[in-house]
Asker: 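Dropping the structure in here first, questions after.
So you know, we letter chains A, B, ... as the sequences are listed, proteins then strands, and number each from 1.
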There are 2 protein chains.
Amino acid sequence: MARGKLTTVSQDPVSQDPVSQDPMSQEQLSQDQPFERTHFVEEVGLMFETVGLPRMSGRLFGALLISNPPYQSNRDLAEMLQASKGSISTMTRLLMQIGLIERVSFSGDRRDYFQIKPQAWAHMTKQRMTQITAFRHLAEQGLKLLADEPPKLTSRLQEMYDIHAFLERELPLLDQRWAQEQAQELHHS
Amino acid sequence: MARGKLTTVSQDPVSQDPVSQDPMSQEQLSQDQPFERTHFVEEVGLMFETVGLPRMSGRLFGALLISNPPYQSNRDLAEMLQASKGSISTMTRLLMQIGLIERVSFSGDRRDYFQIKPQAWAHMTKQRMTQITAFRHLAEQGLKLLADEPPKLTSRLQEMYDIHAFLERELPLLDQRWAQEQAQELHHS
DNA sequence: TAGTCTGTTCAGTACGTACTAAACATTTAG
DNA sequence: CTAAATGTTTAGTACGTACTGAACAGACTA
């Protein structure tokens, strides 16, 4: 199966972290504040549901937010989350498509590992933009349907059009400002 | 049952528009470009699904975007959308809770009518803000769980925190800019 | 070559959502 | 008082989603 571009790193992941040996399991969620960690993972799952994503994808993401090391294999995630490998496979693919996680591999280890993509949330803005453009376009369609009608009938669509056109203009600028703040943070560090 | 605050308008809605008489029906979607109108309504339905709302709520909203008059009763909507009154009742309540539509009544007419709320999309921003705050809060929880851990482990959560804190600061300002543009539009008109 | 390990795919299914139609409650008209 | 009109509520159910577990494919090791 053709893979996305893999990031290959030379260090051996397993030997870096004794907890992940033999094997990575529920131990990790349990290491301290076990209840709080499991609760956090479930909360992220519920939060993902509110934005229309499957709960399991959120739980997976939540696990990767707090896992040590910050990358886990399919099997690791299945054990941590008490889920089937098939479900993990489907959800990791979804999160990669969205741009929230990426696959990494290590020389001498044939397992795939998944980690949160740097600047992942910025990628979410791209999807938000796609949505806004789609709404703006729908408003245009609606305005065409009501061509020649008085403003009393078209104002609802005009408002939908105007606000989405405004966001289409402004959100990329906000993105740039965010990127600049990030760059300044790096300079300060 | 206690109702939300009702807007009561003195003009009689039915006598204003012959198409809505005896009765409001599929005729309205059919009046011109019948296929395009139905298609538009379905597209809005699908779009609402992408943001996690029921398809029927989107179809209802789409119908109200292009209906003439721009307010319709439960029964009108049920006929236009070929849906049950129960479904319309549930979906109108949902859209009112979200802040996208409102209920209006007319003296001498005991039917309730629903119309798109002016500045409806601005209300959507409130919900977006609630979501952002929830994500920022979750990131804080995660950072607490990883207190005393090195940046290698906390950077994922720090980035999630930083971008949501940034949006929490900036989106209200964007909202204000939008409101100012609207005010200027009104002055120009 | 056979066995093992890993992740993917697929058939099957549990579960939740969202719809219908009927019953109901309220209001108004005859 | 009864009938009609309107919208709400509820029980029932169709349907789609998202999960499991088994089968599978590929790669590696002994």
Asker: What is the distance, to the nearest angstrom, from the CG atom on A:N74 to the P atom on D:dG21?
Answerer: 14 Å

Asker: Without decimals, in angstroms, what is the distance between A:L81 CG and D:dA18 C1'?
Answerer: 15 Å

Asker: When you measure from the side chain of B:R156 to the backbone of A:L65, do you find a donor-acceptor pair of N or O atoms at a distance under 3.5 Å?
Answerer: yes

Asker: Checking contacts here: which listed nucleotide (D:dG7, D:dT29, C:dG7) is nearest the side-chain heavy atoms of A:S73?
Answerer: C:dG7

Asker: Given D:dA4, D:dT8, C:dT8, identify the nucleotide with an atom nearest to the side chain of A:S89.
Answerer: C:dT8

Asker: Roughly how far, to the nearest 0.5 Å, is the CG atom of A:L77 from the OG atom of A:S89?
Answerer: 11.0 Å

Asker: Treat each ILVMFWY residue as a node, draw an edge where side-chain heavy atoms are under 4.5 Å apart, and state whether A:V51 and B:I98 are in one component.
Answerer: yes

Asker: Of the nucleotides C:dC5, D:dT8, C:dG7, which has the atom closest to the A:D112 side chain?
Answerer: C:dG7

Asker: Students often mix this up, so state it plainly: with edges at 30° and 60°, are the rings of A:W121 and B:F135 parallel, tilted or perpendicular?
Answerer: perpendicular

Asker: Would you say the side-chain atoms of A:E43 and B:Q141 include a donor-acceptor pair closer than 3.5 Å?
Answerer: no

Asker: How many whole angstroms separate atom CZ of A:F106 from atom C1' of D:dA27?
Answerer: 19 Å

Asker: Could you check how far CG of B:L60 sits from P of C:dA18, rounded to whole Å?
Answerer: 14 Å

Asker: So, under a plain 3.5 Å distance rule, would you say the side chain of A:R75 forms a donor-acceptor pair with the base of C:dC5?
Answerer: no

Asker: Using a 4.0 Å heavy-atom cut-off to protein, can you give one letter per nucleotide of nucleotides 19-25 of chain C, 5' to 3': B if the base is in contact, S if only the sugar-phosphate is, - if neither?
Answerer: SBB----

Asker: Please tell me if B:R111 has a side-chain N or O lying less than 4.0 Å from either OP1 or OP2 of D:dT6.
Answerer: yes

Asker: Do the side chains of B:E140 and B:K144 get close enough for a salt bridge, i.e. N-O under 4.0 angstrom?
Answerer: no

Asker: Just the rounded figure in Å: distance from C1' of C:dC5 to CG of A:D76.
Answerer: 13 Å

Asker: Output the rounded distance in Å from CZ (A:R93) to P (C:dT6).
Answerer: 20 Å

Asker: Expressed in angstrom and rounded to an integer, what is the separation of A:R103 atom CZ from C:dT8 atom C1'?
Answerer: 10 Å

Asker: Could you state the CD-P distance from A:E49 to C:dG16, rounded to the nearest angstrom?
Answerer: 11 Å

Asker: Heavy atoms under 4.0 Å, any strand shown: does A:T92 hit a base, just sugar-phosphate, or nothing?
Answerer: nothing

Asker: May I ask you to say whether B:R55 pairs ionically with B:E49, meaning some side-chain N is under 4.0 Å from a carboxylate O?
Answerer: yes

